[in-house]
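The next block holds one structure in the form of structure tokens; read it before the comments.
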Amino acid sequence: MVFAAPNDALARAEGVLDADPSPLHASVAHQVIGIWQRDWGDMRIALHHLRRARDLAARAESAEREADVLAALGVALVHAGRTQQGLAALERGVERVSGHPRARVLFRRAYARWVLGHHREALEDVRRAVPVLRQADDVIWTARALTLRATVHLALGAVDRADADFTAAEALWDTTGQEHDKADAVESRGLAAFRSGDIPAALRLLDEAEERYAKLGTPTFMLSIRRCEVLMAAGLAPEALAEADAAIAVLDGIGGQSTRKAELLLAAATAARLAGDAHTAIARADMAVRLFTGQRRPWWEAHARLVLIEARVAAGRSSGRLVADTAAVAERLASFGAPAAPEASLLAGRIALGLGWRADAERHLALAARSRRSGPPLARMTGWAAQALRARAAGSGRGVLEACRRGLDVLDAHRMTLGASELRARASAQGAELAALAQEASLETGGPRRLLVWSERWRATALSAPPTRPPADPQLQSDLTAFREIAARAESARMDARPIPALEREQRRLEREIRARTLHMRGDAPGDGHRFDPGQLLDRLGDDVRLVELAVLDGRVQVLLCGQGRVRRFEAGLLAEAEVEAEHVQAGLRRLAHPGAEARLPVVEAAGRRLEELLLGPAAAQLGDGPVVVVPPARLHRVPWALLPSLRERVVSVSPSATSWLRARETEPPRRGRHVLVRGPGLATGGAEVPHLAVRYGGAVVLEHADARVPRVLEELDGAELAHIAAHGAFRADSPLFSSLRMADGPIVVHDFERLDRSPYRIILSCCDTARFASVGADELLGLVTALLPLGTAGVVACSAPVNDAAVVPLMLALHKGLGTGLSLAEALRDARAALPDDALHRATGWAFTAFGAA
């Protein structure tokens with residue numbers, strides 16, 4: 001019963017011991033308690049009961065009983081870090097019996113060897129056990145053995161063999177009532193999906209396994225370890241670190257398995273390194289190495305040493321000793337058949353290159369480059385990164401670009417299997433090194449036009465295709481409705497100064513549910529194979545329009561000025577300095593949103609001049625007199641571009657990429673499209689511009705008061721020609737896809753907009769913080785505006801800072817007046833700024849709004 005209904009089995013075992021049982025029955029009961037404590041409780045209590053079970057089995061003079069207990073005890077000792085004692089107990093168990101009982105003990109020894117990283121020995125044991133278990137028609141133990149064999153195959157990179165064993169095991173589990181084993185099988189299938197590169201399926205299966213374990217009341221730390229691995233591959237390293245640390249705290253609290261603690265420490269170290277926290281990574285990895293060494297687990301120790309070295313390199317350390325240590329780790333990993341071996345060889349080659357050791361670097365990089373031809377996507381990318389570094393060391397710019405192209409093609413194909421825009425954006429981080437290498441090589445060998453091509457190759461790629469829509473998922477829609485209701489109740493309670501902890505907890509729970517279901521979606525857009533054509537861009541720009549694309553190489557801004565049939569390059573300032581200046585500007589605009597802050601205006605204007613020097617440099621004098629399209633890197637998304645002196649009086653729009661701008665230019669407005677005006681609750685002016693706009697656009701759909709409910713708003717927005725939304729905006733830096741606009745029945749979030757068949761052709765968001773984004777991945781943005789652009793919106797006006805509600809009203813009325821004369825959003829916004837009173841409050845309001853796209 002212990003793996004069918006664990007808690008019931010524990011209660012039954014305790015009941016047996018209360019009834020003065022025989023030594024044989026008492027041995028069984030103590031073993032059940034020991035197994036329960038071993039897997040879900042305190043290891044000290046587990047070892048006490050299992051040793052008692054062993055002694056009682058000897059008194060009962062049952063060799064079969066004694067061997068079975070020795071097997072359970074051996075596994076427990078291994079998990080407690082007492083490796084020699086555990087293996088010795090398992091060896092005695094194997095020697096005590098033969099036939100069917102021996103096969104069960106062999107399975108447990110195989111499991112222990114898998115835990116220790118002795119994969120080939122584990123395979124040998126389980127291969128010997130499976131035929132005997134099958135012959136005895138032992139369905140449960142055969143299914144367990146097949147599941148274990150599949151898991152070992154995965155550790156060795158044999159995904160196809162693992163799939164075959166998982167399929168056979170699943171068929172057997174369907175005939176049993178072993179609920180915990182069934183949950184374990186689902187978890188293992190999640191691991192297999194991950195190893196084959198299917199991250200959405202992996203997340204879905206691991207979440208299903210967690211639900212099954214929760215019903216049984218049995219925490220599983222292996223699940224946390226596996227989910228951390230998947231989260232990291234999905235670009236969610238901070239979440240993986242939080243999950244690992246939380247699991248370690250629980251494990252320490254119950255005195256649980258030492259082996260699992262070491263594995264969780266390794267997961268935490270890897271996550272911390274990927275999250276950019278090198279010092280935390282070093283601390284966690286060092287502890288993991290010491291635990292693995294004490295547990296005599298060389299396979300695991302080698303992996304932990306690799307992460308420790310990666311963290312030290314990330315912290316700025318580099319030496320010949322580090323090259324030798326990394327090469328030794330790579331050799332050990334290769335001897336184990338571990339898929340991480342190429343990653344270690346790449347790291348050794350990278351360190352050697354930094355030291356100028358060309359021959360050593362070539363040797364290590366050549367080993368790593370072998371993985372580019374086969375295996376899961378991220379392993380192939382490791383190989384192509386190594387090949388690119390080899391080509392750079394050999395002075396072959398063409399070789400660098402070819403390797404980078406091939407590697408990024410692999411990542412593109414992988415990203416398009418991801419349905420969620422968040423996962424696509426975050427996955428781009430995996431190709432950051434390849435993109436940087438390609439940009440460096442193109443700058444050295446091909447001039448500005450080639451640098452533009454490679455800058456576009458890796459800019460805002462998550463927006464290249466719409467996210468997968470989940471209209472057939474009623475649970476997701478139900479969760480969104482419940483989330484809205486809870487959020488509205490929480491907002492009402494805040495306004496009344498009532499306590500809201502329970503509502504906030506429920507809101508966070510629903511957010512987790514919604515996000516999880518979104519991340520499960522597989523991509524349904526294979527990509528059109530489109531490649532950016534600078535000639536097409538220059539044709540569209542003509543002689544009047546200039547497009548300014550800002551690339552960043554070695555921390556310095558490179559300005560690519562496109563127009564009049566050519567691409568020119570100018571060097572500007574340091575990106576880090578520009579980021580600091582942009583934050584100062586944002587702080588100044590926040591102050592100017594309140595009356596009485598006029599003295600801050602010269603300070604903000606001076607910051608705008610410094611920003612221009614840092615971001616445009618000498619290109620500012622070459623912009624001509626016509627419209628300008630700015631394509632900034634993700635880290636500069638908060639710059640109010642209209643504040644820069646050379647852009648202040650001209651038509652300026654912003655786009656995540658030149659490709660995105662071209663697509664917006666070619667987007668046709670809907671025929672006989674609707675005009676939709678939405679007014680949300682709680683605005684200081686009550687959305688005072690909306691009644692005036694309703695008169696201007698006779699026949700427009702006006703949604704306000706009780707009509708401004710999310711389902712109705714979404715229905716009307718779908719396919720509209722123009723939408724104007726006056727509602728409070730809230731940006732969520734912690735979870736950007738829950739950034740929202742407040743409607744009558746609660747917030748409308750980015751996840752809602754992603755369900756539209758076609759978002760409005762033009763949309764104006766006359767509220768604070770609607771143009772704020774989270775910078776993720778390599779150079780990607782997540783936020784409200786970027787959710788709309790891939791869904792058919794050609795132009796957006798939104799705000800990147802808090803603004804004065806009263807000052808927004810005349811700006812919006814002037815903006816719509818310009819649109820009524822046939823102007824584009826960018827043209828109308830320029831004229832609307834000029835029409836405002838020339839005081840600090842209104843000037844700051846105008847600067848805070850930006851036109852995105854090309855409509």
Show your reasoning for whether salt bridge (charged side-chain N to carboxylate O under 4.0 Å, His left out) applies to E433 and R350. CA-CA 12 Å; E433 181 181 23; R350 193 184 287 121; 2.8 Å; yes
Check against salt bridge (charged side-chain N to carboxylate O under 4.0 Å, His left out), R128 and D125: CA-CA 5 Å; R128 290 163 62 193; D125 273 350; 3.6 Å; yes
May I have the list of side-chain donor-acceptor pairs in residues 62-76 shorter than 3.5 Å, sequence neighbours left out?
residue : atom : partner : partner atom : Å
S62     : OG   : R65     : N            : 3.1
R65     : NH1  : S27     : OG           : 2.9
R65     : NH1  : Q31     : OE1          : 2.9
R65     : NH2  : Q31     : OE1          : 2.6
E66     : OE1  : R96     : NE           : 3.4
E66     : OE1  : R96     : NH2          : 2.7
D68     : OD1  : R108    : NH2          : 2.6
D68     : OD2  : Q31     : NE2          : 2.9

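- Residues Y111 and H79 bring their aromatic ring centres within 6.0 Å.
- The side-chain heavy atoms of L172 and T176, taken from C-beta on, include no pair separated by under 4.5 Å.
- No option in E243, E263, E187 other than E187 meets the salt bridge (Lys or Arg N to Asp or Glu O under 4.0 Å) test with R226.
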Stepwise salt bridge (charged side-chain N to carboxylate O under 4.0 Å, His left out) test for R305 and E301: CA-CA 6 Å; R305 288 194 184 279; E301 181 193 340; 2.9 Å; yes
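- In this structure, the side chains of R380 and S374 stay at 4.5 Å or more apart for every pair of heavy atoms.
- Residue-environment remark: CD (E91) exceeds the threshold of 12 foreign heavy atoms within 6.0 Å.
- With salt bridges taken as basic N to acidic carboxylate O contacts below 4.0 Å, one links E210 and R227.
- Taking the six-membered ring where tryptophan is involved, the planes of F3 and W40 are perpendicular, since the angle between them exceeds 60° and thus also 30°.
- A distance below 6.0 Å separates the ring centres of W299 and H119.
- Listed by chain and number, the residues in a salt bridge (charged side-chain N to carboxylate O under 4.0 Å, His left out) with R38 amount to none (sequence neighbours excluded).
- Side-chain contact between V78 and R113: absent, with no pair of heavy atoms (C-beta onward) separated by less than 4.5 Å.
- Remark: F292 engages W300 in a ring pair (Phe, Tyr, Trp, His ring centres under 6.0 Å) (not counting sequence neighbours).
- Using a cut-off of 4.0 Å between Lys/Arg side-chain N and Asp/Glu carboxylate O, R144 and D184 are scored as not salt-bridged.
- Within a 6.0 Å sphere centred on NE2 of H25, other residues, nucleotides and ligands contribute 12 heavy atoms or fewer.
- For R363, the salt bridge (charged side-chain N to carboxylate O under 4.0 Å, His left out) partners two or more places apart in sequence, or in a different chain, are D360.
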Apply the test side chain to side chain donor-acceptor pair (under 3.5 Å) to residues Q295 and S258: give CA-CA distance (whole Å), side-chain angles for both, the deciding distance (0.1 Å), then the verdict. CA-CA 9 Å; Q295 294 165 2; S258 171; 2.7 Å; yes
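- Of all the heavy atoms in L306 and A340, the pair that sits closest is CD2-O, 4.2 Å.
- One finds a salt bridge joining R195 and E229 here, because a Lys/Arg side-chain nitrogen approaches an Asp/Glu carboxylate oxygen to under 4.0 Å.
- Scanning all heavy atoms of the two residues, the minimum distance from D252 to K261 falls at OD1-NZ, 3.2 Å.
- Smallest separation of non-hydrogen atoms from L266 and A304: CD1-CA, 3.6 Å.
- For D286, the salt bridge (charged side-chain N to carboxylate O under 4.0 Å, His left out) partners at least two apart in sequence or on another chain are R290.
- Taking R127 as the reference, L123, R149, H153, R161 meet the side-chain contact (heavy atoms from CB on, under 4.5 Å) condition, with sequence neighbours excluded.
- Ion pair D325/R321 flagged as a salt bridge, since at least one NZ, NE, NH1 or NH2 atom sits closer than 4.0 Å to an Asp/Glu carboxylate oxygen.
- Annotation for Q85: atom CD counts as buried by contact number, over 12 foreign heavy atoms lying within 6.0 Å.
- Taking 4.5 Å as the limit, every side-chain heavy atom of P342 sits out of range of all side-chain heavy atoms of L346.
- Checked for salt-bridge contact, R358 and E362 miss the test: no charged N lies under 4.0 Å from a carboxylate O.
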